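Right, one structure below, let's go through it.
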Amino acid sequence: MSRANCLFCRIADRTQSADIVAEADRLIAFKDIRPQAPTHLLIVPTEHIPSIADVTDTHTVLLGQAIHLANRLARQYQLVPGGYRVVVNCGAGAGQTIWHLHWHLLGGRTMAWPPG
Ligand code: 5GP
Ligand code: ZN
């Protein structure tokens with residue numbers, strides 16, 4: 001897939017607008033357009049990786065950086081100590097709709113378990 005055909009590549013390349021809240025070396029974070037909680041951010045690698053099933057050894061550091069960024073944003077958005085959820089949907093059956101790896105950071109309300 002070319003970057004022009006991928007929504008999250010276009011957001012990372014700034015050819016598609018989004019409410020960007022953080023930028024890191026290989027990551028970007030922006031507000032979800034259909035928030036499912038008072039805080040709902042997406043943490044997205046600038047590299048096109050279709051899903052978490054496609055990560056390789058070359059992505060080990062990137063995965064750690066994504067979690068560090070999620071934690072930093074959780075503190076910034078006052079989701080600590082209340083609690084927050086970091087979610088990756090992998091595959092259509094799990095609810096993945098955008099085929100570019102992303103972490104959802106959700107918080108600001110009570111969460112139920114198990115998820116729907
Ligand atoms: P998934 O269903 O793949 O786990 O998550 C995709 C997320 O992307 C959804 O929560 C959806 O609301 C969000 N989304 C879809 N299109 C756009 C868009 O154009 N801009 C932003 N900011 N989020 C989007
Ligand atoms: Zn992409």
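Keep in mind that what you see is a predicted model, and the values were worked out from it rather than measured.
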Can you name the closest pair of heavy atoms from [X] and [Y] and give their distance?
| X | Y | result |
| --- | --- | --- |
| Leu105 | Ala70 | CD2-O, 3.7 Å |
| Asn5 | Arg10 | C-NH1, 4.0 Å |
| Arg75 | Val80 | CG-CG2, 4.0 Å |
| Ala37 | Met111 | CB-CE, 4.3 Å |
| Thr58 | Arg26 | O-NH2, 3.9 Å |
| Arg85 | Ala112 | NH2-O, 2.9 Å |

Let me check something: do [X] and [Y] share a hydrophobic cluster, defined by ILVMFWY side-chain heavy atoms less than 4.5 Å apart, either directly or through other members?
| X | Y | value |
| --- | --- | --- |
| Phe8 | Val21 | no |
| Leu79 | Leu73 | yes |
| Leu106 | Trp103 | no |
| Ile67 | Ile49 | yes |

Is there a side-chain contact between [X] and [Y], using heavy atoms and a 4.5 Å cut-off?
| X | Y | value |
| --- | --- | --- |
| Ser51 | Leu101 | no |
| Ile98 | Leu42 | no |
| His104 | Val88 | no |
| Ile20 | Ile28 | yes |
| Val55 | Leu63 | yes |
| Arg109 | Pro38 | yes |

How many angstroms lie between [atom1] in [X] and [atom2] in [Y], if you round to the nearest 0.5 Å?
| X | Y | atom1 | atom2 | value |
| --- | --- | --- | --- | --- |
| His102 | Leu7 | NE2 | CG | 10.0 Å |
| Leu69 | Ile43 | CG | CD1 | 5.0 Å |
| Leu27 | Glu47 | CG | CD | 10.5 Å |

Next on the checklist: Quick one: does any side-chain atom of Gln16 pair with a main-chain N or O of Arg14 as donor and acceptor, under 3.5 Å?
Outcome noted: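 Not a single qualifying donor-acceptor pair exists.
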
Item to check | Qualifying ring pair (Phe, Tyr, Trp, His ring centres under 6.0 Å) pairs, either residue in residues 48-85, two or more places apart | outcome: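 Qualifying pairs: His48-His100.
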
Next on the checklist: Counting only heavy atoms not in Asp25 (residues, nucleotides, ligands), do more than 12 fall under 6.0 Å from its CG?
Outcome noted: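 For Asp25, atom CG is not crowded (no more than 12 foreign heavy atoms under 6.0 Å).
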
